[in-house]
Enquirer: 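Could you have a look at this structure, given as C-alpha cells, before my questions?
Heavy atoms only: backbone and side chains are in, while hydrogens, waters and symmetry mates are out.
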Amino acid sequence: MTNYYEILGIDQSADSKQIKAAYKRLAMEYHPDRNPGNKQAEEVFKIVNEAYHTLSDPLKKSRHDARLRPAYTIPPAEWPQSRTYRTVKQDDSDVRKYYRVDRNYFKMQALAVLVFLVLAGVSYIILTTTTYFSLRKSNKEIAESRQALRYAGTLFSDGRFDDAFNTIHHLKENNPTEFKVNHTRDSLVSELRSMALKKFNERDFAAATTFYLTLRKYEQPVTVETIRKIAMCQYYLGNYKESLQSMVHLHNQYPDNLELVYSIGMINLENLENPTEALRYFTFGTDLFTKNLSRIYGSSFETTMRPADAPDIYFDIFQARAQANIALSHFEDALTDCNRAIHLRPFKGEPYMLRAIANSSMRKFATVCSDITNAKKLGAADTDALGEKYCR
C-alpha cells in the first residue's frame with residue numbers, strides 16, 4: 001500500500017510541524033503554477049497533497065498508520081495442540097447436523113451478494129458525490145482567493161498599503177499553504193522596497209520615510225538596510241530624535257560599528273545639544289580604538305603602529321570627543337583627545353584649534369598661539385578671532 005511518510009520524505013514519528021514543512025517544500029517544487037504543462041509534476045503534486053491531508057488529519061493518520069503495521073501472528077510456541085482424528089470427525093458430524101447445501105442456502109448467498117452490491121453502489125454514489133462537492137468547494141475557494149489577491153494588488157496600487165497587506169494576512173490565516181498568497185505578499189514587499197529606494201535616491205525624504213516605515217511593518221524580519229534608511233531620512237528631515245532612535249536600534253545589534261557610534265554621538269552633540277550623552281558614545285568609540293588596535297599591534301600599538309594606517313574614523317572620534325569634553329569643561333580630557341587626534345592626522349587643522357581653546361580655557365597660554373598658527377595654516381575655520389586675541 002502507499003506509504004505517505006515515504007512520499008513526503010519524513011519518518012513515521014514526524015510531528016505536525018515537520019509534516020507541514022515537508023509538504024510546503026514539495027508543494028512549492030511541484031505546484032502546477034511553477035511547472036506549467038508538466039503532467040508528471042501535476043500528478044506528483046496531487047499525491048503530495050493527498051499525503052498531507054491524510055497525515056494532517058489525526059483520524060485519517062491513525063487509520064493510515066494502522067494499515068502500515070504488519071498483522072499480528074501467533075508465535076509457534078503458542079500454537080494450540082493438534083486435535084486427534086476422532087475429535088475432528090466428531091466436529092464435522094456436528095457441523096453437518098446444522099449446515100445443509102439446499103435451495104435456502106443459495107437464496108441466502110444470493111441475498112448476501114445483492115446486499116453487498118447495493119451497499120457498494122450506495123457507497124460509490126456517496127463517495128462520488130462527496131468528492132464532487134469537495135472539488136467544487138476547493139475550486140470555489142481557489143477562485144475566491146485569487147480574486148482577493150487581485151483586489152489586494154489594486155489596493156496596493158492605490159497606495160492603501162495597510163489594507164493590501166491586511167487582505168493578504170487574512171487569506172494566509174485561512175489557507176496557510178496557498179503558494180500564490182505567499183508569493184503575492186513577497187512581491188508586494190519587494191515592490192514597496194523599490195518604491196522607497198527610488199524616493200530616497202530622488203532625495204524626496206518625506207515620501208521615502210513613509211514607504212520605509214510601512215516596509216518596516218511588513219518585512220519578516222526587518223532588514224538592517226531598512227532601519228538605516230529610516231535613520232538617514234529622519235536625519236535629513238530634521239527629525240533628529242526619531243533618527244537617533246533608529247540608530248540606537250542598529251547599535252544594539254552591531255555595537256562594534258564605529259560609524260554608528262560616531263553618528264549617534266554627533267547627533268547628540270550638534271543637533272540635540274546633549275554633550276553628556278555624546279561623550280558616552282565617543283568614549284565607547286575610543287575604547288574600541290584601544291581594543292581593536294591592541295588586537296592587531298599589541299599593547300604598545302601607539303609606538304609600533306604607523307598613524308597613517310589607522311582608519312579616519314578613529315581620528316573623527318577623538319576630535320569629536322575633544323569637542324564634547326570642551327562643551328562640558330573637561331579641558332584636561334580634551335587635551336588628551338586633541339593630542340591623540342593630532343598624532344593620527346597631524347595635517348588636520350581642527351585638533352590644533354581645539355587644543356588652543358582647551359589650553360586658553362585653563363589659562364595655559366604657552367602653546368596657544370603656535371596651535372592657532374598651525375590650525376590656520378592647515379585650513380581650520382574660525383581662527384582669526386583667537387589669533388587676534390592670543391597672537392599679537
Enquirer: Using a 6.0 Å cut-off, check whether atom NE2 of His170 has over 12 heavy atoms from anything other than its own residue.
Expert: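 Counting neighbours around NE2 of His170, 12 or fewer heavy atoms of other residues, nucleotides or ligands fall under 6.0 Å, so no.
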Enquirer: If you round to the nearest 0.5 Å, how far is OG1 of Thr214 from CG of Leu192?
Expert: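 Those atoms lie 6.0 Å apart.
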Enquirer: Under a plain distance cut-off of 3.5 Å, with no hydrogens placed, do Asp57 and Tyr52 share a side-chain donor-acceptor pair?
Expert: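 Side chains of Tyr52 and Asp57: no pair found under 3.5 Å.
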Enquirer: Would you give the length of the straight line joining atom SG of Cys233 to atom CZ of Arg203, rounded to the nearest 0.5 angstrom?
Expert: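 It comes to 10.0 Å.
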Enquirer: Show, in sequence, the C-alpha distance, side-chain angles and deciding distance for Phe289 and Phe318, and conclude whether the ring pair (Phe, Tyr, Trp, His ring centres under 6.0 Å) test is met.
Expert: CA-CA 10 Å; Phe289 165 81; Phe318 279 117; 4.9 Å; yes
Enquirer: Test your reading of the model: is there a side-chain donor-acceptor pair from Thr290 to the backbone of Thr286, 3.5 Å cut-off?
Expert: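 A pair under 3.5 Å: yes.
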Enquirer: Are Asp312 and Arg345 close enough that some pair of their side-chain heavy atoms sits under 4.5 Å apart?
Expert: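 When only atoms from C-beta onward are counted, Arg345 and Asp312 do touch, with a gap below 4.5 Å.
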Enquirer: Take Tyr30 and Asn38 through the side-chain hydrogen bond (donor to acceptor under 3.5 Å, both in side chains) test and state the conclusion after the steps.
Expert: CA-CA 9 Å; Tyr30 294 104; Asn38 189 335; over 6 Å; no
Enquirer: Would you say that more than 12 heavy atoms from the other residues, nucleotides or ligands in this model lie under 6.0 Å from the OH of Tyr124, or not?
Expert: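 Open: at most 12 neighbouring heavy atoms sit under 6.0 Å from OH of Tyr124.
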Enquirer: I would like to know whether Tyr281 and His251 meet ring pair (Phe, Tyr, Trp, His ring centres under 6.0 Å); could you show each step before the answer?
Expert: CA-CA 11 Å; Tyr281 279 95; His251 174 65; 5.6 Å; yes
Enquirer: Give, for atom CE of Met266 and atom CG of Leu244, the distance between the pair rounded to the nearest 0.5 Å.
Expert: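 It comes to 13.0 Å.
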Enquirer: Donor-acceptor pair, Ser187 side chain versus His183 backbone, under 3.5 Å?
Expert: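 Such a contact is found between Ser187 side chain and His183 backbone.
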Enquirer: Under a single-linkage definition using a 4.5 Å side-chain heavy-atom cutoff for Ile, Leu, Val, Met, Phe, Trp and Tyr, are Leu279 and Ile326 assigned to the same hydrophobic cluster?
Expert: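 Each belongs to a different hydrophobic cluster.
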Enquirer: Is the number of heavy atoms from other residues, nucleotides or ligands under 6.0 Å of Tyr151 OH greater than 12?
Expert: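 Not buried by this count: 12 neighbours or fewer within 6.0 Å.
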Enquirer: Please tell me whether Phe365 and Tyr352 are part of a single hydrophobic cluster in this structure, the criterion being side-chain heavy atoms less than 4.5 Å apart.
Expert: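 No, separate clusters.
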Enquirer: I want to check something: taking the side chain as every heavy atom from C-beta on, are Val224 and Tyr254 in contact at a cut-off of under 4.5 Å?
Expert: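 They are in contact (side-chain heavy atoms under 4.5 Å apart), so the answer is yes.
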Enquirer: Hydrophobic clustering (ILVMFWY, side-chain heavy atoms < 4.5 Å, transitive) - are Leu386 and Leu378 grouped together?
Expert: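 No; Leu386 is not reachable from Leu378 via cluster members.
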Enquirer: Using every non-hydrogen atom in the two residues, find where Ser13 and Gln18 come nearest and quote the distance to one decimal.
Expert: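 Shortest heavy-atom contact: O-OE1, 4.4 Å.
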Enquirer: For Tyr4, which of Glu50, Lys60, His64 qualifies under side-chain hydrogen bond (donor to acceptor under 3.5 Å, both in side chains)?
Expert: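 Result for side-chain hydrogen bond (donor to acceptor under 3.5 Å, both in side chains) with Tyr4: Glu50.
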Enquirer: Would the distance check show the side chain of Ser263 and the main-chain N or O of Leu260 forming a donor-acceptor pair, the cut-off being under 3.5 Å?
Expert: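 No; zero donor-acceptor contacts below 3.5 Å.
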Enquirer: Applying the 4.5 Å side-chain criterion to the ILVMFWY set and letting contacts propagate, would Leu213 and Leu155 be lumped into a single cluster?
Expert: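 They do not share one cluster, since no chain of ILVMFWY contacts under 4.5 Å joins Leu213 to Leu155.
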Enquirer: I'd like to know if the side chain of Arg34 and the backbone of Met28 have a donor-acceptor N/O pair within less than 3.5 Å.
Expert: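 Confirmed, Arg34 side chain pairs with Met28 backbone.
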Enquirer: Distance alone, cut at 3.5 Å: any donor-acceptor contact between the side chains of Glu219 and Thr226?
Expert: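 Their side chains do contain a donor-acceptor pair, which is all the 3.5 Å distance test asks for.
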Enquirer: Return yes if some donor-acceptor pair links the side-chain N/O of Asn49 with the main-chain N/O of Phe45 below 3.5 Å, else return no.
Expert: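 Not at all, since once roles are kept as given, no pair shorter than 3.5 Å links the two residues.
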Enquirer: So does Asp384 pair up with Lys376, basic N to acidic O under 4.0 Å?
Expert: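 Lys376 and Asp384: salt-bridged.
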Enquirer: Start with the C-alpha distance between Asp65 and Lys61, add both sets of side-chain angles, then the distance that settles salt bridge (Lys or Arg N to Asp or Glu O under 4.0 Å), and finish with yes or no.
Expert: CA-CA 6 Å; Asp65 292 349; Lys61 182 176 182 296; 3.3 Å; yes
Enquirer: For Tyr218, does the six-membered ring have the charged nitrogen or CZ of Arg185 within the cation-pi criterion, i.e. under 6.0 angstrom from the centroid and within 45° of the normal?
Expert: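 Checked: cation-pi criterion not met.
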Enquirer: I'd like to check Phe211 versus Phe200 (side-chain heavy atoms, cut-off strictly below 4.5 Å). Are they in contact?
Expert: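 Side-chain contact under 4.5 Å: no.
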Enquirer: Show the numbers, then the answer: is there a side chain to side chain contact (heavy atoms under 4.5 Å, CB included) between Phe161 and Leu188?
Expert: CA-CA 9 Å; Phe161 304 126; Leu188 294 186; over 6 Å; no
Enquirer: Give the C-alpha distance, both sets of side-chain angles, the deciding distance and a yes or no for side chain to side chain contact (heavy atoms under 4.5 Å, CB included) between Asn325 and Phe331.
Expert: CA-CA 6 Å; Asn325 275 317; Phe331 300 117; over 6 Å; no
Enquirer: With a 4.5 Å cut-off on side-chain heavy atoms, are Lys229 and Leu215 touching?
Expert: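 A side-chain contact under 4.5 Å is absent here.
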Enquirer: With rounding to the nearest 0.5 Å, note down the distance linking OG1 in Thr223 to CZ in Arg216.
Expert: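 Spacing of OG1 (Thr223) from CZ (Arg216) equals 11.5 Å.
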Enquirer: Of the non-hydrogen atoms in Leu269 and Ala324, which two are nearest, and what is the gap between them?
Expert: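 Closest heavy-atom pair between Leu269 and Ala324: CD1-CA, 4.0 Å.
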Enquirer: Any Lys/Arg nitrogen of Glu332 or Lys364 sitting under 4.0 Å from an Asp/Glu carboxylate oxygen of the other?
Expert: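 Salt bridge flag = yes for Lys364 with Glu332.
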Enquirer: So, do Arg355 and Ile342 sit near enough that their side-chain heavy atoms are less than 4.5 Å apart?
Expert: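 A side-chain contact exists here, since the closest heavy-atom pair is under 4.5 Å.
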Enquirer: What's the verdict on side chain to side chain contact (heavy atoms under 4.5 Å, CB included) for Leu55 and Tyr5, showing C-alpha distance, side-chain angles and the deciding distance?
Expert: CA-CA 8 Å; Leu55 297 182; Tyr5 294 100; 3.8 Å; yes
Enquirer: Taking the side chain as every heavy atom from C-beta outward, state whether Gln234 and Thr209 have any pair of such atoms under 4.5 Å apart.
Expert: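 In contact.
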Enquirer: When you measure from the centre of the six-membered ring of Phe205, is the NZ or CZ of Lys199 closer than 6.0 Å and no more than 45° off the axis?
Expert: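 Here Lys199 fails the 6.0 Å and 45° test against Phe205.
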Enquirer: Taking the side chain as C-beta and beyond, is there a heavy-atom pair between Leu354 and Asp371 under 4.5 Å?
Expert: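 No. Closest side-chain heavy atoms not under 4.5 Å.
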Enquirer: Closer than 4.0 angstrom, basic N to acidic O: yes or no for Glu225 and Arg193?
Expert: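 No salt bridge links Glu225 with Arg193.
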Enquirer: Atom CG in Asn374, atom SG in Cys369: separation rounded to 0.5 Å?
Expert: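 Rounded to the nearest 0.5 Å, the CG-SG separation comes to 10.0 Å.
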Enquirer: Quick one: do Arg306 and Asp309 make a salt bridge, cutoff under 4.0 Å?
Expert: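 Salt bridge present between Arg306 and Asp309.
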Enquirer: To the nearest 0.5 Å, how far apart are CG in Leu250 and CD1 in Ile227?
Expert: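 One gets 5.0 Å once the value is rounded to the nearest 0.5 Å.
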Enquirer: Indicate whether the side chain of Asn268 and that of Glu277 have a donor and an acceptor atom separated by less than 3.5 Å.
Expert: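 Judged by distance alone, the side chains do not pair up.
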Enquirer: Does Gln253, at its CD atom, have more than 12 non-hydrogen atoms belonging to other residues, nucleotides or ligands within less than 6.0 Å?
Expert: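 Yes, enclosed.
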Enquirer: Does Asn166 have more than 12 heavy atoms from other residues, nucleotides or ligands lying within 6.0 Å of its CG?
Expert: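 It does: Asn166 CG has more than 12 such atoms within range.
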Enquirer: Whether the Glu173 and His169 side chains hold a donor-acceptor pair (N or O, under 3.5 Å, no angle test) is what I'd like checked.
Expert: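 Looking only at side-chain atoms, His169 and Glu173 do form a donor-acceptor pair, the distance falling under 3.5 Å.
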Enquirer: Just so I know, are the side chains of Thr283 and Asp287 near enough to count as touching, which here means a heavy-atom distance under 4.5 Å?
Expert: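 In short, these two side chains touch, coming nearer than 4.5 Å.
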Enquirer: Can you check salt bridge (Lys or Arg N to Asp or Glu O under 4.0 Å) on Arg321 and Asp333, steps first, answer last?
Expert: CA-CA 9 Å; Arg321 190 173 187 272; Asp333 291 335; 5.3 Å; no
Enquirer: Go through the steps to decide whether Leu344 and Tyr314 satisfy the test side chain to side chain contact (heavy atoms under 4.5 Å, CB included), and finish with yes or no.
Expert: CA-CA 8 Å; Leu344 292 173; Tyr314 293 133; 4.1 Å; yes
Enquirer: Identify the heavy atoms of Ala322 and Cys338 that sit nearest to each other, and give their distance.
Expert: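 Smallest interatomic distance, heavy atoms only, reads CB-SG, 3.7 Å.
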Enquirer: Looking at Glu202, I want to see if its CD is surrounded by more than 12 non-hydrogen atoms of other residues, nucleotides or ligands under 6.0 Å.
Expert: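 Atom CD in Glu202 is packed in, count exceeds 12.
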Enquirer: Taking atom NZ as the centre, does Lys217 end up with more than 12 heavy-atom neighbours from other residues, nucleotides or ligands that are less than 6.0 angstrom away?
Expert: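 Yes, because the 6.0 Å sphere around NZ of Lys217 holds more than 12 heavy atoms from other groups.
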Enquirer: Is there a path from Leu335 to Phe315 through hydrophobic residues (I, L, V, M, F, W, Y) whose side chains come within less than 4.5 Å of each other?
Expert: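 As far as the 4.5 Å side-chain criterion goes, Phe315 and Leu335 are not connected within one cluster.
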